[in-house]
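The structure under discussion appears below in the form of structure tokens.
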Amino acid sequence: MKLQLALDLVDISGAIDTVKQVEQHIDIVEIGTPVVINEGLRAVKEVKAAFPHLTVLADLKIMDAAGYEVGQAAAAGADIITILGVAEDESIKGAVEEAKKQGKEILVDMIAVKDIETRAKELDALGVDYICVHTGYDLQAVGKNSFEDLATIKRVVKNTKTAVAGGIKLETLPEVIEQHPDLVIVGGGITGADDMAATAREMHDLVQKG
Ligand SMILES: O=C(CO)[C@H](O)[C@H](O)COP(=O)(O)O
């Protein structure tokens with residue numbers, strides 16, 4: 001099981017400062033969608049250049065023109081690129097094909113997918129690398145989480161790695177770990193902590209033991 005730090009509410013220098021504090025305690029650093037919207041793929045390029053030993057995920061949440069967008073993110077240095085589970089199968093296939101060509105991985109974000117079980121089975125057959133259940137900020141605000149959805153994908157997915165994201169904190173991490181996802185994604189649970197390094201270390205220890 002791996003820990004991914006999601007950076008959403010920072011600029012490039014803020015991202016680099018944050019990673020400097022926690023780099024020993026994370027496996028993957030995510031350049032979040034708001035950062036890519038604000039700063040472009042330059043954010044991916046600069047973070048990868050600053051931390052070449054870390055796996056960098058570009059959270060593009062691709063919906064169309066997937067092969068092209070995966071190619072651009074790969075050229076910027078991303079190791080993993082995200083596409084939405086609600087995208088067309090043709091887009092998913094395009095993303096997978098381009099990622100394979102470039103030696104990269106595709107994570108499918110299941111945000112807004114209504115029938116998680118059916119779509120997860122389809123995505124599993126399409127050869128993506130990760131399927132990630134995700135409660136985004138707008139549903140976190142009304143008290144939702146992804147714990148049940150994680151159980152669903154763990155039950156039906158045969159080949160693909162599983163991941164979970166959305167409002168995970170140190171206190172809720174044990175409940176997530178019990179379900180043994182391959183990847184746990186944490187943003188505010190680390191970046192909003194008083195001591196980011198101590199929180200990331202504690203989370204990483206739990207994830208590694210889990
Ligand atoms: O993709 C995202 C929002 O769309 C976030 O990166 C993801 O939800 C993790 O952040 P947090 O732990 O703060 O919810």
Side-chain angles (χ1 to χ4, degrees), residues 1-12 14-16 18-19 21-22 25-39 41 43-44 47 54-63 69 73 78-87 95 105-113 116 128-150 153 161-177 179 181-204 206-207 210:
M1 200 183 304
K2 289 187 174 174
L3 179 64
Q4 175 173 314
L5 169 69
L7 296 171
D8 287 299
L9 305 175
V10 285
D11 57 14
I12 295 175
I16 289 173
T18 304
V19 178
Q21 294 181 55
V22 300
H25 313 302
I26 60 173
D27 302 296
I28 300 175
V29 57
E30 169 189 330
I31 308 305
T33 317
V35 179
V36 177
I37 287 171
N38 293 338
E39 307 264 17
L41 287 171
V44 172
V47 171
L54 283 178
T55 299
V56 174
L57 176 142
D59 191 15
L60 302 192
K61 295 189 173 75
I62 293 170
M63 191 62 187
E69 291 184 0
D79 302 293
I80 307 174
I81 300 109
T82 69
I83 185 167
L84 293 176
V86 293
E105 291 191 307
I106 294 296
L107 180 146
V108 177
D109 186 330
M110 300 293 270
I111 193 167
V113 170
I116 296 271
V128 305
D129 299 285
Y130 292 88
I131 295 175
C132 178
V133 288
H134 179 199
T135 303
Y137 293 132
D138 298 341
L139 285 191
Q140 288 178 38
V142 294
K144 302 256 195 275
N145 66 47
S146 290
F147 300 166
E148 261 181 49
D149 290 340
L150 177 56
I153 61 166
K161 290 175 271 195
T162 56
V164 57
I168 298 166
K169 306 273 183 279
L170 189 53
E171 310 80 65
T172 50
L173 184 59
E175 200 179 332
V176 172
I177 288 173
Q179 299 200 48
D182 296 289
L183 176 63
V184 179
I185 301 171
V186 181
I190 293 173
T191 58
D194 290 336
D195 185 339
M196 283 196 272
T199 306
R201 185 175 54 238
E202 219 174 313
M203 288 185 129
H204 202 214
L206 288 170
V207 158

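Note that these values count all heavy atoms, side chains included, but never hydrogens, waters or copies made by symmetry. Counting convention: from 1, in listed order, for ligands and their atoms alike.
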Answer yes or no: does an N/O atom from G136 fall short of 3.5 Å to an N/O atom of ligand 1?
-> no
So is G166 close enough to ligand 1, meaning a heavy atom under 4.0 angstrom away?
-> yes
Hey, is D59 touching ligand 1 through its side chain, its backbone, both or neither, going by heavy atoms under 4.0 Å?
-> side chain
How close does the nearest protein non-hydrogen atom get to atom 4 (O) of ligand 1, and which residue and atom is it?
-> K61 NZ, 3.1 Å
How many angstroms lie between atom NE2 of H134 and atom CG of L150, to the nearest 0.5 angstrom?
-> 13.5 Å
What residue and heavy atom of the protein are closest to atom 6 (O) of ligand 1, and at what distance?
-> D8 OD2, 2.7 Å
Mark yes when over 12 heavy atoms from residues, nucleotides or ligands other than K161 sit less than 6.0 Å from its NZ; otherwise mark no.
-> yes
Sub-4.5 Å side-chain heavy-atom contact between V19 and L7 | yes
Among all protein non-hydrogen atoms, which one is nearest to atom 8 (O) of ligand 1, and what is the separation to 0.1 Å?
-> H134 NE2, 2.8 Å
Does a sphere of radius 6.0 Å around NZ in K61 hold more than 12 heavy atoms from other residues, nucleotides or ligands, not counting ones at 6.0 Å or beyond?
-> yes
Less than 4.5 Å apart, any side-chain heavy atom of D149 and any of M110?
-> no
Student check: side-chain heavy atoms of K169 and T199 closer than 4.5 Å | no
Going by heavy atoms, is G189 under 4.0 Å from ligand 1?
-> no
Here the pair of heavy atoms bringing P181 nearest to V184 is CG-CG2, 3.9 Å
Atom 12 (O) of ligand 1: the protein heavy-atom neighbour that sits closest, reported with distance to 0.1 Å = G187 N, 2.8 Å
Hey, which atoms in ligand 1 end up nearer than 4.0 Å to a heavy atom of Q140?
-> 8 (O), 14 (O)
Which atoms of ligand 1 sit under 4.0 Å from any heavy atom of G167?
-> 11 (P), 12 (O), 14 (O)
Minimum-distance protein heavy atom relative to atom 13 (O) of ligand 1 | G188 N, 2.8 Å
Atom indices of ligand 1 within 4.0 angstrom of A6 heavy atoms, with elements = 6 (O), 9 (C)
Spell out, as yes or no, whether a donor-acceptor pair under 3.5 Å connects the side chain of D182 to the backbone of T162.
-> yes
